[in-house]
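Have a look at the structure below before the remarks.
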Amino acid sequence: MIKIAGLSRTFRGKSGTVEALRDINLDVADGEFLAVIGRSGCGKSTLLRIIAGLIPPSQGEVLVAGDRVARPRRDVAMVFQRPALLPWRSVRENVMLPVEIFRWQRAKHRDHVQRLLEMTGLESFADRLPHELSGGMQQRVSLCRALIQRPKVLLMDEPFSALDALTREELAVELQRIHMELGTTVVFVTHSIQEAVLLADRVAVLSARPGRLRELVDIAIPRPRTFGHNAHMEEVAAASAELHQLLLGDHLPQVATAG
Amino acid sequence: MTDKTTDAGPRRLWFNAGLPTLGVALALGIWWLIIIAFGIDSFWLPAPPDVLEAFQRLPGHLIEQAGVTLMTTTVGFAIGAVGGAAVAVLFAASRTIERMTMPLIAAVNAVPKAALAPLLIVWIGLNTQAKIVMVVLLCFFPVLVSTMAGLTSVPNDLREVAHSLSASWWQTFLKIRMAWALPQIFVGLKVASSLAIIGAVIAELTNPERGLGSVVVSSSQSADTPLAFAALTLLALMGAGLFYLVTALERLLVPWARAISS
């Protein structure tokens, strides 16, 4: 579904150039859930924005469904770190926003909005304004707004990082359910190992400055997965330990060479 | 819990109507007390009953003149507000136009408007139009500046949503920027609502044929201070009324603004 080939990105700023990503090569299969994990500043958000067509790559290219990405596509939807809802629009009208922007017929999508709101447990809040909702519920609305596009690819940029711990877990489990139900290809940027192990088929570990693909880790644990007690504690522990090692090891060689 | 809900109505009424009324009553009382305590003659400073008596002397005349001033004020305010907002939209659409004309507009705004009043009479004549133009001049700029500020203050995450949906400039403008700017526009409208009355009175003082400004001029010429105070009181009431009207409109149109700013 997604093919990333020889992708590099350099930013020119006032204090010189910053190499954010270097030579990323990665394929994401149809329906796969890929988590991208790395320390802050490793370019994982940049990678996501390039896939979304929000910023162009310096070198290399990204193909989605065989087409080179040059601008945002309607079949690729994005969920941001913050819900970014329009404060004057009700929940339902916020979810309708892409329909309006794409000049689709509202009437044809009303049922879809209703189904998405039911799927995320928001049906009784459809006519509320965003500020009347908790942070977790706002992020659910944001997810519905992305899903109304019926995307082939769902890009998520640390969508739960602004929420409290329990809400994060709740939403992660819910996202797993939605992914199992819809089979959408998902690229999920996070810095939480726990979230990556719960959700992903594979985890792409990025090293920092410049961001390079350090390792692709398969998470072969059957779904549905759960936090806490479950039948696959050992596999979860092993995968988490491996990811920990990779993320921590990222800085060890540099320390060794420096000392 | 039940106590709170039954209490909410009266408590709110007390808070929104009772306290303001009490404040006004106290101020009037202190004003009156000072006049009695220091034995001030009504030629210098009339007591509340003197002002009331002056109003009762010529109620028809005063209300008629108040109507004239109110008309000048509201027509000028409406033209200035719509014009200011429209020019702000034009500036948001074209940075070239903004760069070219903004310094000019800022310079014109820096000229004390009161100094323009005699010129407006020369240019437009001894008529209501000249007075309306004065009000427009005062109202235009605050609405222009606040609308521009609102249109350019859209947060990055909302811009990014629009970008990721490939929204056109117009779509972003209509569906996001305009609505986002509304609370700021109302800040400008509130400032302009007070300036509108000032503009109308300046124009009436320069050309005192009609309106409450002319009442102030003629009553001070005949040393009728209570009548001047009656006119001033009507002006104050008119200004407060216009201000609260704009505030009520704001609550109606942008109920979400207070919720997200607190």
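So that the names make sense, note that chain A is the first sequence line, chain B the second, and so on, each numbered from 1.
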**OP:** Assert yes or no for the condition that the ring centre distance of A:Phe188 to A:Phe160 is strictly below 6.0 Å.
**Re:** yes
Subject >> Proximal component of A:Leu155, with respect to chain B [non-hydrogen, under 4.5 Å] >> reply: neither
**OP:** Counting only heavy atoms closer than 4.5 Å, note whether A:Arg71 contacts chain B via side chain, backbone, both or neither.
**Re:** neither
Original post:
Below 6.0 angstrom between ring centroids: does that apply to A:His131 and B:Trp256?
Top reply: no
**OP:** Kindly say whether A:Val186 contributes a backbone atom to a donor-acceptor pair with the side chain of A:Thr184 at under 3.5 angstrom?
**Re:** no
Subject >> Selection from A:Ala84, A:Pro130, A:Pro98, A:Pro83 maximising heavy-atom pairs under 4.5 Å formed with chain B >> reply: A:Ala84
Subject >> Proximity breakdown for B:Leu182 and chain A, heavy-atom pairs closer than 4.5 Å >> reply: neither
Original post:
Should A:Asp127 and A:Arg92 count as an ion pair when the cut-off is N to O under 4.0 Å?
Top reply: yes
**OP:** With a 4.5 angstrom heavy-atom cut-off, could you sort out which part of A:Arg145 is near chain B: side chain, backbone, both or neither?
**Re:** side chain
Original post:
Highest number of heavy-atom pairs under 4.5 Å with chain A: which of B:Ser166, B:Ser168, B:Pro255?
Top reply: B:Ser166
Original post:
Can any side-chain N or O of B:Thr69 pair as donor or acceptor with the backbone N or O of B:Gly211 at less than 3.5 Å?
Top reply: no
Original post:
Heavy-atom distance under 4.5 Å to chain B: side chain of A:Leu54, backbone, both or neither?
Top reply: both
Original post:
Is it true that A:Arg168 and A:Glu158 have a side-chain N and a carboxylate O under 4.0 angstrom from each other?
Top reply: no
Subject >> Sorted by number, residues from residues 85-114 of chain B in contact with chain A (heavy atoms, under 4.5 Å) >> reply: none
Original post:
How are the rings of B:Phe173 and B:Trp169 set relative to one another: parallel (under 30°), tilted (30 to 60°) or perpendicular (over 60°)?
Top reply: parallel
Original post:
Is any NZ, NE, NH1 or NH2 atom of the basic residue among B:Lys131 and B:Glu204 found under 4.0 Å from an Asp or Glu carboxylate oxygen of the other?
Top reply: no
Original post:
Is there a donor-acceptor pair closer than 3.5 Å between any side-chain N or O of A:Asp111 and the backbone N or O of A:Lys108?
Top reply: no
**OP:** Among the options A:Leu86, A:Leu129, A:Val76, pick out the one with the most heavy-atom pairs lying under 4.5 Å from chain B.
**Re:** A:Leu86
**OP:** Against chain B, label A:Gln81 side chain, backbone, both or neither, depending on which of its atoms sit under 4.5 Å from a heavy atom there.
**Re:** neither
**OP:** Output the option from A:Arg73, A:Arg82, A:Gln149 having the highest count of non-hydrogen pairs under 4.5 Å with chain B.
**Re:** A:Arg82
Subject >> Distance-only donor-acceptor check, side chains A:Ser142 and A:Gln139, under 3.5 Å >> reply: yes
**OP:** Before accepting this row, confirm whether a basic side-chain N of the pair A:Glu93/A:Arg106 lies closer than 4.0 Å to the acidic partner's carboxylate O.
**Re:** yes
